[in-house]
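Numbers for residues simply follow the sequence, beginning at 1.
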Amino acid sequence: MEETLEILQDNLGQALIDTAYMVVVSAIIGVVLGTLVALLLYLTENRLFTPNHALNVIVGFIVNAIRSLPFLILMVVLIPVAQLILGDPYTPTGGAISLSIAAVPFFARIAESAFSEVDPGLLEAAISTGATTRQIIVDAVFPQALPSFIRGVVLTIISLIGYSAMVGTIGAGGIGDMAIQYGYNRYETGVLVVIVIILIVIVQIIQWVGDWLARKVTH
């Protein structure tokens, strides 16, 4: 018990910081780029805007191809990329790169689904008034899709927390690395229990905040 407390005291704080760094960076990149990809898919598929079947199929294929790879395989494939960019892929920043690339197609499909739920009648009414595509997206599509969009962000963040633990198993740092090094390799069950409890609490808080925000913006 004393050794477990000592391990937690010496390592838990930094592990949480590393995990938070990886999740925040990858979530921001994933949501921003994923939203842009989702808009491209939405606009090229929707007959009311600028349908382009060929472009939609190509982008959709790339998104689905990345999403179809199990995350552990994707991490291994991206190690050379992280090494080329950073020099050392086995760091929290290296982990953030892998997480970001996984997050973009994941969130893109969620955001595309949220945009597709917008009532076509509302879009047709906006088009009939002479609104530009940008105005329709900003003033009609996003406000109507916002509740689902927020829930998608929450789902992405929670998924990234789980993925960040997997990234830690290959030495990128964070709570996954701590769980392997101390909880598994040293048979410190107490460390594993504490990490699991912390993850459950964090996920519950994020889910509660996300649900609250989604309810607040529901029309």
Pairwise side-chain contact, [X] with [Y], heavy-atom cut-off 4.5 Å (strictly under):
X    : Y    : answer
V37  : I62  : no
L43  : I137 : yes
F106 : I66  : no
K216 : W212 : yes
D119 : Q144 : no

Would you name the heavy atoms of [X] and [Y] that are closest together and state the gap between them?
X    : Y    : result
T19  : G174 : OG1-CA, 3.3 Å
P143 : P147 : O-CD, 4.1 Å
R109 : L41  : NH1-CD1, 3.7 Å
A126 : T129 : O-OG1, 2.6 Å
A140 : V118 : O-CG1, 4.5 Å
P105 : I101 : CD-O, 3.0 Å

- Answer yes or no: is there a donor N or O on one side and an acceptor on the other, between the side chain of S68 and the main chain of A65, under 3.5 Å?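 Yes; judged by distance alone, with no hydrogens or angles, the pair exists.
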- Under a single-linkage rule joining Ile, Leu, Val, Met, Phe, Trp and Tyr whose side-chain heavy atoms are separated by less than 4.5 Å, which residues share a cluster with V32?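 V24, I28, all in the cluster of V32.
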To the nearest 0.5 Å, what is the distance between [atom1] ([X]) and [atom2] ([Y])?
X    : Y    : atom1 : atom2 : value
M22  : I17  : CE    : CD1   : 12.0 Å
L155 : I110 : CG    : CD1   : 4.5 Å
I29  : I97  : CD1   : CD1   : 8.0 Å
I195 : I175 : CD1   : CD1   : 6.5 Å
I136 : I127 : CD1   : CD1   : 4.5 Å
N56  : Y42  : CG    : OH    : 12.5 Å

- Output all residues satisfying side-chain contact (heavy atoms from CB on, under 4.5 Å) with N52, sequence neighbours left out; order by chain, then residue number.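 So N52 forms a side-chain contact (heavy atoms from CB on, under 4.5 Å) with T44, A54, L55.
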- With sequence neighbours left out, which residue pairs that include part of residues 116-158 fulfil the ring-ring contact (aromatic ring centres under 6.0 Å, His included) condition?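 Checked against ring-ring contact (aromatic ring centres under 6.0 Å, His included) - neighbours excluded - the pairs reaching residues 116-158 are F107-F149, F115-F142, F142-F149.
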- Task: Please determine which of L12, L16, D18 meets the side chain to side chain contact (heavy atoms under 4.5 Å, CB included) test together with Q14.
- Result: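 Filter result, single survivor: D18.
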